[in-house]
Amino acid sequence: MPGQPCAMTSSGIQALRSLVNEESQSGTGRVDFAEPEEHRALRAAVAGIAAKFGPRYYAERAAARRPCAELWQALGDAGFIGVNIPAEYGGGGGGLTELALVCEEIAAAGTPLLLLLVSAAISAEMISDFGTGEQRATWLPGLASGAVKMVFAITEPDAGSNTLRISTTARQEKRRGEVGGDWVLHGTKYYISGVDEAQALLVVARTGQDERGGRLSLFIVPADAPGLDKHLLPVDLLLPERQFTLHFDGVRVGPGALVGEEGEGFRQVFHGLNPERITGAALGVGIARYALGAAARYAAERTVWAEPIGAHQGVAHPLAKAKIETELAALMIRRAAWQHDHGEPAGESSNMAKYAAAEAALAALDAAIQAHGGNGLATEYGLMPYWGLARLLRIAPVNREMILNYVAQHSLGLPRSY
Ligand SMILES: Cc1cc2nc3c(=O)[nH]c(=O)nc-3n(C[C@H](O)[C@H](O)[C@H](O)COP(=O)(O)OP(=O)(O)OC[C@H]3O[C@@H](n4cnc5c(N)ncnc54)[C@H](O)[C@@H]3O)c2cc1C
């Protein structure tokens, strides 16, 4: 059983806060490619905790479809689940830059956690940025400590990539003389991860119609709300986190459940999706690092001819190519996270980072499996448990083709194709 987590020292967390604050206050916009000492310490501390659990723990949980609850809690106890949450709510006071490092390091240790993308990245960021004082006080301390998980529900059977087409509705019931009434939700979501582990869901629902399509709004819905039906949606991936189809049949929440402004969901969601893409990309880079590390060790030792197989370019070049792609993806993650943390538009970089990291993770895993030969498929060598997650990253949180659409339209100025 894994031992006690090694927490980053309180002076380390303090240094991280002052680093973030000084940098944002100076407004220099300086990007330094030398990784600050605080970030190296953060990486080392997270990697130290994850290593105590390790790939075997992850693979067993993934095969059993059971959450990595102990790892989540150990990271929460050390302050890393909430590293991006404001200090006044018990978080680390850092930003997406730091959360991406956490995601990358746990994945590089062979223990990627999908719910960091929805609970720590989307939900905590949305509540921090758009939530009321009461919502922040209610949810952020638990999200920061890891005691609370809030998952994210946007995908629908008939909408998918076309978010504006979602049909889950939220209507406000106003009684005479009342300022705000309850919201009542109807509709269906699917592929929602981790509902069985979560205390609440951040739900995107339609509260009206405008010229672009649905007027979208965001609601915090307790996971045990009456009228919310959850059905396991089986997927053939090795993942500790399970997916669900959700039916909202007159789910009633109070006026305080609305996050941000009614009808502003589209803008808010797209702001919140950047953190999901950045942290998803960081998981991809971590998986790639894990696979390349295993492959390099194996190819340097395995000898079936006169020299180790890594001496053959047919083995070495795919690994080297994946290494280059991984480093490039990591650079783009840094830019995207930096832009998000500095309040600059981060859509283009977040999309590019997610694209590059998903491709790098798949290339690295594929090359690593090939370099291992038959052993690449063996339980003992621990590569296959990450294949499904790496493949998922090409589809979710946003698929490769929608990213290419974005880049074609927004970066290259080409006509919208869909
Ligand atoms: C394991 C897993 C976990 C998930 N977890 C969550 C979660 O927690 N919360 C949540 O809300 N959702 C979740 N999802 C859903 C995921 O975000 C969606 O599957 C993803 O966004 C793609 O949507 P879709 O499946 O409806 O694909 P569709 O929109 O049906 O698209 C199918 C394919 O068509 C292509 N395509 C679609 N539109 C275009 C276009 N305009 N141009 C070119 N090509 C196009 C793409 O190749 C795409 O992959 C999860 C999915 C999986 C499998």
Side-chain angles (χ1 to χ4, degrees), residues 62 65 67 112-124 126 149-168 185 187-198 200-206 213 216 218-221 223 228 230-248 265-266 268-270 272-277 279-281 283-284 287 350-351 354-355 358-359 361-362 385-410 414-418:
R65 307 297 319 255
L113 295 176
L114 194 59
L115 291 195
L116 280 179
L117 276 56
V118 286
S119 194
I122 301 194
S123 300
M126 295 259 210
K149 291 184 191 129
M150 187 182 291
V151 294
F152 183 63
I154 186 167
T155 307
E156 296 189 3
D158 296 325
S161 309
N162 188 357
T163 303
L164 286 172
R165 210 175 150 194
I166 64 169
S167 58
T168 296
L185 281 77
T188 300
K189 301 278 179 190
Y190 78 164
Y191 286 112
I192 309 308
S193 298
V195 182
D196 52 338
E197 303 177 49
L201 298 84
L202 189 60
V203 179
V204 185
R206 179 190 278 257
L216 306 183
L218 284 162
F219 297 90
I220 299 172
V221 176
L228 175 57
K230 306 159 206 158
H231 300 280
L232 188 67
L233 197 170
V235 297
D236 286 337
L237 291 182
L238 281 178
L239 271 184
E241 301 86 359
R242 304 198 296 170
Q243 282 65 47
F244 292 83
T245 300
L246 305 177
H247 299 293
F248 295 79
F266 191 79
Q268 295 174 188
V269 165
F270 276 81
L273 291 184
N274 290 332
E276 188 186 33
R277 286 167 196 186
T279 48
L283 281 192
I287 291 171
S350 303
N351 273 310
K354 212 293 282 179
Y355 178 97
E359 298 307 312
L362 276 171
Y386 308 97
W387 181 258
L389 178 54
R391 190 63 187 79
L392 172 67
L393 288 173
R394 197 186 260 168
I395 296 170
V398 57
N399 59 63
R400 177 178 57 178
E401 289 70 29
M402 289 307 288
I403 294 179
L404 293 175
N405 286 339
Y406 180 98
V407 172
Q409 188 184 341
H410 297 284
L414 293 171
R416 185 180 157 114
S417 61
Y418 56 99

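In this text the structure is predicted, and so the values were computed from the model without any measurement. As the structure lists them, so they are numbered: ligands from 1, and atoms in each ligand from 1.
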Spacing of [X] atom [atom1] and [Y] atom [atom2] [to the nearest 0.5 Å]:
X: Phe244; Y: Leu232; atom1: CZ; atom2: CG; value: 5.0 Å
X: Ile154; Y: Thr163; atom1: CD1; atom2: OG1; value: 4.0 Å
X: Ile403; Y: Arg277; atom1: CD1; atom2: CZ; value: 6.5 Å
X: Met150; Y: Met126; atom1: CE; atom2: CE; value: 11.0 Å
X: Asn274; Y: Thr279; atom1: CG; atom2: OG1; value: 10.5 Å
X: Leu238; Y: Tyr386; atom1: CG; atom2: OH; value: 10.0 Å

Review point. With a 4.0 Å cut-off on heavy atoms, is Leu392 touching ligand 1?
Key: yes

Practice item. Give a yes/no verdict on whether any heavy atom in Ile192 is under 4.0 Å from an atom of ligand 1. Key: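 Yes, Ile192 has a heavy atom closer than 4.0 Å to ligand 1.
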
Hey, looking at [atom], which of [options] has the closest heavy atom?
atom: atom 18 (C) of ligand 1; options: Thr155, Asn162, Leu117; value: Thr155
atom: atom 8 (O) of ligand 1; options: Ala408, Ser193, Ser417; value: Ser193
atom: atom 4 (C) of ligand 1; options: Tyr191, Phe152, Tyr418; value: Tyr191
atom: atom 31 (O) of ligand 1; options: Ser161, Gly160, Pro157; value: Ser161

Give me the nearest non-hydrogen protein atom to [atom] as residue plus atom name, then the distance to 0.1 Å.
atom: atom 19 (O) of ligand 1; answer: Ile395 CG2, 4.2 Å
atom: atom 32 (C) of ligand 1; answer: Asn399 ND2, 4.9 Å
atom: atom 38 (N) of ligand 1; answer: Met402 SD, 3.9 Å
atom: atom 46 (C) of ligand 1; answer: Glu401 OE1, 3.3 Å

Study note, to complete from the structure: Under 4.0 Å between heavy atoms, the region of Arg400 that gets near ligand 1 turns out to be neither

Exercise for review: Answer side chain, backbone, both or neither: which part of Asn405 comes under 4.0 Å from ligand 1, heavy atoms only.
Suggested key: side chain

Measure from [atom] to the protein's non-hydrogen atoms and state whether any distance is below 4.0 Å.
atom: atom 21 (O) of ligand 1; value: yes
atom: atom 26 (O) of ligand 1; value: yes
atom: atom 35 (C) of ligand 1; value: no

Exercise for review: Give a yes or no on whether the backbone of Thr168 and the side-chain of Lys189 come within a donor-acceptor separation of less than 3.5 Å.
Suggested key: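 Side chain of Lys189 to backbone of Thr168: no pair is present.
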
Review point. So, for Gln243 and Ser193, which heavy atoms are closest and what is the spacing to 0.1 Å?
Key: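 Closest approach of Gln243 to Ser193: NE2-OG, 2.8 Å.
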
Exercise for review: Would you check the N or O atoms of Gln243, main chain and side chain alike, for any that come under 3.5 Å of an N or O of ligand 1?
Suggested key: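 No, Gln243 has no N/O under 3.5 Å of an N/O on ligand 1.
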
Point to revise | Flag for Ser167-Asp158: side-chain donor and acceptor within less than 3.5 Å | key: no

Review point. Under 4.0 Å from any heavy atom of Pro397, which atoms of ligand 1 are there?
Key: 17 (O), 21 (O)

Review point. Which atoms of ligand 1 sit under 4.0 Å from any heavy atom of Ala396?
Key: 16 (C), 17 (O)

Exercise for review: List the steps and the verdict of side-chain contact (heavy atoms from CB on, under 4.5 Å) for Val235 and Leu392.
Suggested key: CA-CA 11 Å; Val235 297; Leu392 172 67; over 6 Å; no

